[in-house]
2 protein chains.
Amino acid sequence: MSADKAPGPRERLLEAGQDLFYSQGASVGVDALLKQANVARRSLYEHFGGKDGLIEAVIRRASEQDIAWYEEALAGAEEPRTRLLGLFDRLDELVANADFRGCRYFATDLALTDPQHPAHAETDAFRQRLRALLVTELTALGHDDPGRAAEQLHLLIEGTLVMGSTRGNPHPARAARDLAARLIG
Amino acid sequence: MSADKAPGPRERLLEAGQDLFYSQGASVGVDALLKQANVARRSLYEHFGGKDGLIEAVIRRASEQDIAWYEEALAGAEEPRTRLLGLFDRLDELVANADFRGCRYFATDLALTDPQHPAHAETDAFRQRLRALLVTELTALGHDDPGRAAEQLHLLIEGTLVMGSTRGNPHPARAARDLAARLIG
DNA sequence: CCAGAAGTAGATCGATTGGTCTATTTCCGA
DNA sequence: TCGGAAATAGACCAATCGATCTACTTCTGG
């Protein structure tokens with residue numbers, strides 16, 4: 001095992017998909033994916049069954065990474081309140097990045113018209129995992145209604161990602177952090 | 001004048017576009033648009049120059065209507081604080097609607113990869129008009145920093161529209177209203 | 001060393017896309 | 001009433017889409 005050196009076609013396809021689906025949307029052509037992954041056409045259909053299968057696999061993979069990112073962002077401090085507010089500091093950096101283009105999962109849901117597309121289940125799962133993370137933090141913080149507060153924090157996060165992608169204001173995360181601080185109390 | 005009875009092809013195209021671009025995204029085919037508008041193919045290219053021109057015109061038209069909707073939603077009360085909070089009550093109804101599919105302008109920006117597409121200027125203009133509306137209300141309310149508070153209200157609105165389209169929780173507007181209330185003080 | 005799996009390269013297919021064009025009909029004002 | 005603009009219907013085009021298939025090469029384990 002230990003397939004570290006020189007990632008195979010499957011891994012290269014996942015990385016190319018993660019990059020191109022995010023920067024150009026789910027409507028990028030198969031040709032562009034194959035070119036960036038430097039992979040033969042056949043490999044895509046062998047490994048993922050088609051473009052839709054790749055989309056689903058990419059979302060699942062990105063979901064793992066993003067949940068890990070949120071966990072790490074929350075691990076920045078010991079005190080629960082500081083942990084949650086620190087998350088918005090990390091979001092501020094994320095959104096400020098030049099190639100930030102909004103929430104991958106929301107964009108995927110919008111791009112895939114078919115409500116039966118398997119990728120929708122993946123985006124739902126991601127949101128549930130994120131919500132669970134917030135509930136855990138709020139419970140540790142001793143909040144009265146962790147479920148409701150988590151919903152509000154989630155709304156603040158999504159709002160930050162939207163405002164950050166429109167570039168109307170450079171630091172939406174700071175506005176959200178301020179609201180989150182009042183919420184946590 | 002008074003072109004009320006039996007709207008012409010141009011108007012029918014605008015209505016069909018406003019409906020289909022919203023419910024199915026900007027990627028709907030020209031054929032579907034022509035069919036729903038009950039209009040000849042040539043009429044589209046005569047009036048709007050092409051699909052992109054129709055998209056731009058539809059966004060401009062919807063923008064007018066939506067700004068009017070926000071103005072009317074704010075006109076529900078006399079006291080500034082009640083006016084702003086009432087807006088979130090109206091958003092609650094809007095999001096609860098079965099065919100609600102999120103923010104039209106954000107979805108359009110995501111769907112149009114080309115950053116030079118004229119529709120982007122229209123979505124930006126809409127957001128600026130909405131922001132101006134919020135600043136006016138906050139100024140009337142005597143808020144310390146109307147600009148910053150307007151940014152925060154805008155973030156709460158966009159967050160509500162996102163959360164409402166994912167259907168994870170039925171009443172994101174109530175969560176946002178609660179946060180808005182703390183913000184207004 | 002060699003057999004088979006995996007990967008590559010690229011032609012090709014059918015469907016669909018946005019857009020152009022021709023021919024015909026409808027409608028309205030001078 | 002008549003003439004021209006506007007609208008209709010639909011054939012048609014080039015480009016692009018995702019997907020399939022064949023032929024060849026590379027890599028690897030027994």
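Residue numbers begin at 1 in each chain, while the letters A, B, ... track the order of the sequences.
- Side chain to side chain, B:T123 and B:R127 meet the donor-acceptor criterion of an N or O pair below 3.5 Å.
- When rounded to the nearest whole Å, the span between CG of B:D31 and P of C:dT20 equals 15 Å.
- Using a 4.0 Å heavy-atom criterion, one finds that B:N38 contacts the sugar-phosphate atoms exclusively.
- Considering only the side chain of A:K51, D:dA19 comes nearest among C:dG7, D:dA19, D:dT8.
- Atom pair A:K35:NZ and D:dC17:C1' shows a separation of 17 Å (rounding to whole Å applied).
- Here the P atom of nucleotide C:dG19 and the CZ atom of B:F48 are 13 Å apart, to the nearest Å.
- A donor N or O paired with an acceptor N or O is not found under 3.5 Å between the base of C:dG10 and the side-chain atoms of A:R41.
- Ion pairing of A:E11 with A:R61 is present here, as a side-chain N (NZ or NE/NH1/NH2) and a carboxylate O approach within less than 4.0 Å.
- Backbone-only engagement by A:R12 is indicated by non-hydrogen atom pairs under 4.0 Å involving sugar-phosphate atoms exclusively.
- Minimum heavy-atom separation, A:V39 to A:R12: CG2-NH2, 3.4 Å.
- Whole-Å rounding puts the A:L34 CG to C:dA11 P distance at 15 Å.
- Applying the 4.0 Å criterion to OP1 and OP2 of C:dA11, one finds that A:R42 has every side-chain N and O outside that range.
- Ring planes of B:F126 and B:Y105: parallel class, angle under 30° (limits at 30 and 60°).
- In the set C:dG18, C:dT8, D:dT20, the nucleotide with an atom closest to the side chain of B:V30 is C:dG18.
- Distance, A:E46 CD to D:dC21 P: 11 Å, rounded to whole Å.
- At the phosphate of C:dA6, neither OP1 nor OP2 sits under 4.0 Å from any side-chain N or O atom of A:S43.
- Atoms CD1 (A:I55) and C1' (D:dG18) sit 11 Å apart, rounded to a whole Å.
- Under 4.0 Å is where a charged nitrogen must lie from a carboxylate oxygen, and between A:R60 and A:E64 no such pair does.
- To the nearest angstrom, C1' of D:dG18 lies 9 Å from CG of A:D52.
- B:H47 has a side-chain polar atom (N or O) that falls below the 4.0 Å cut-off from OP1 or OP2 of D:dA7.
- Between the C1' atom of C:dC21 and the CG atom of B:L44 lies a distance of 15 Å, rounded to the nearest Å.
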